[in-house]
Structures are given as C-alpha cells and as structure tokens.
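Residues: numbered from 1 along the sequence shown.
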Amino acid sequence: MKPLDHLEHLDKHLVDELAQVARETVRDELREQTRKQRRKAALYAASGALALYAGAALALAVGLALALGLPDWAAALITAVILGALAYVLRGMARPSRPGQDHAAGTAAGGHSARRSAGEAVGGMPYPPPVPPAPPAGADTPGPVPPRPSEAPDVPHRGV
C-alpha cells in the first residue's frame with residue numbers, strides 16, 4: 001500500500017460530502033424562490049378574479065341605468081356594444097403593430113409573418129427593423145440598369 005492511498009479515499013469522501021451540501025443548498029434556495037413566486041401568482045390570480053367581478057358589476061350598473069329610460073333588451077344591447085368597443089380598443093392597444101400589416105407582409109407557415117421569421121433567423125433579432133412607409137426622396141424613379149460586364153460567361157461576345 002502506498003503512503004498516499006488513504007488521502008485519495010479522504011478526498012473522495014470530501015468531494016461527495018461537498019456535492020451533497022451543494023445539492024441541499026440549491027434545493028432549499030429553489031424551494032424558497034418557488035414558494036415566493038407561488039404566493040405572488042396566487043395574489044395576481046385573486047386580483048384578476050376580483051377585477052373581473054368588478055367589471056361585471058359595472059356593466060350591470062350601466063345596463064340597469066340605461067334600462068330606466070329604454071326597454072330592457074335595448075339597454076342590454078347598448079351595454080354589450082359598449083363592452084365590445086372597449087374590448088376592441090384594448091386589443092388594439094395591446095398589439096405592437098396594426099392588424100393589416102401582417103397580411104401585407106405575408107404569412108409564413110405556423111402563423112408567423114415571413115419578415116418576422118427571417119428577422120429572427122438573421123442575428124437573432126426578435127422583430128424586424130422598422131420599414132419606412134415610402135422610399136426616400138429622389139428615389140421615386142429607378143435609374144437605368146447598368147450593363148453587365150462583357151467578361152460574364154453568360155453574355156455573348158459581339159464583334160464590333
């Protein structure tokens with residue numbers, strides 16, 4: 001037996017113990033973070049549910065107020081139209097671009113626009129750079145196309 005063999009066993013034992021302590025520390029830290037995030041998510045969910053009920057109560061109040069001077073069906077219809085218009089406006093505010101822009105750019109497979117998927121593929125950009133609505137001034141009419149060089153293999157040579 002070599003004189004350092006007992007140290008090798010000791011090193012292996014220390015490495016195993018250190019790995020076990022590191023695993024327990026990381027596990028405890030993740031457990032604590034998860035507990036905090038779970039509580040925060042529950043509070044957001046409760047807040048959203050209460051906001052939904054508050055919105056329903058407001059819509060009911062608007063409908064009842066309109067029903068004082070109108071038939072019930074007309075008050076309900078007007079309330080529905082108001083809520084629909086508000087939903088449409090909020091949806092428009094949530095979108096970064098106009099809805100017609102995706103149709104003009106073309107849609108690739110999977111529902112993503114072709115320009116967006118190409119922009120993500122090149123350079124990892126999450127969205128393409130903005131495109132000006134009109135060409136720059138002075139570029140209204142393209143100039144003449146320059147002739148191809150005569151040394152190109154697909155251009156026949158003519159004797160002059």
Side-chain angles (χ1 to χ4, degrees), residues 9-146 148 154:
H9 173 63
L10 183 62
D11 287 345
K12 184 177 179 190
H13 179 67
L14 286 174
V15 167
D16 289 343
E17 190 175 335
L18 181 63
Q20 180 67 23
V21 169
R23 278 194 296 266
E24 289 174 4
T25 304
V26 168
R27 188 178 301 130
D28 290 342
E29 183 68 28
L30 288 175
R31 200 173 281 144
E32 181 66 27
Q33 287 179 358
T34 303
R35 189 176 304 125
K36 288 179 183 177
Q37 289 176 351
R38 193 178 309 139
R39 182 174 184 270
K40 190 184 291 186
L43 291 174
Y44 273 119
S47 171
L50 289 176
L52 180 68
Y53 283 120
L58 180 66
L60 179 65
V62 168
L64 289 175
L66 288 173
L68 292 175
L70 297 171
D72 292 343
W73 64 268
L77 184 64
I78 291 172
T79 304
V81 168
I82 290 172
L83 290 174
L86 285 173
Y88 183 77
V89 167
L90 289 175
R91 178 179 152 251
M93 289 172 58
R95 288 188 170 198
S97 63
R98 289 178 280 145
Q101 204 171 21
D102 286 341
H103 298 295
T107 303
H112 298 295
S113 71
R115 287 181 17 200
R116 175 169 290 171
S117 59
E120 289 174 355
V122 177
M125 291 175 46
Y127 55 88
V131 178
D140 294 335
T141 57
V145 178
R148 296 179 77 181
D154 59 340

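Legend: residues meeting salt bridge (Lys or Arg N to Asp or Glu O under 4.0 Å) with Glu32, ordered by chain and number and at least two apart, are Arg35. Here Asp16 pairs with nothing under the salt bridge (Lys or Arg N to Asp or Glu O under 4.0 Å) rule; sequence neighbours left out. Taking the side-chain contact (heavy atoms from CB on, under 4.5 Å) definition, one finds that Leu86 meets it with Ile82, sequence neighbours left out. Legend: residues meeting side-chain contact (heavy atoms from CB on, under 4.5 Å) with Ala80, ordered by chain and number and at least two apart, are absent. A search for side-chain contact (heavy atoms from CB on, under 4.5 Å) contacts involving Ala67 returns Asp72, Ala75, not counting sequence neighbours. Residues meeting the side-chain contact (heavy atoms from CB on, under 4.5 Å) test with Glu17, sequence neighbours left out: His13.
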Side-chain donor-acceptor pairs of residues 36-49 under 3.5 Å, sequence neighbours excluded:
none

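The shortest heavy-atom contact between Ala59 and Leu83 is CB-CD1, 3.7 Å. Shortest non-hydrogen contact noted between Thr34 and Leu30 is OG1-O, 2.7 Å.
Here CD of Gln20 is found 4.5 Å from CZ of Arg23. Values are rounded to the nearest 0.5 Å.
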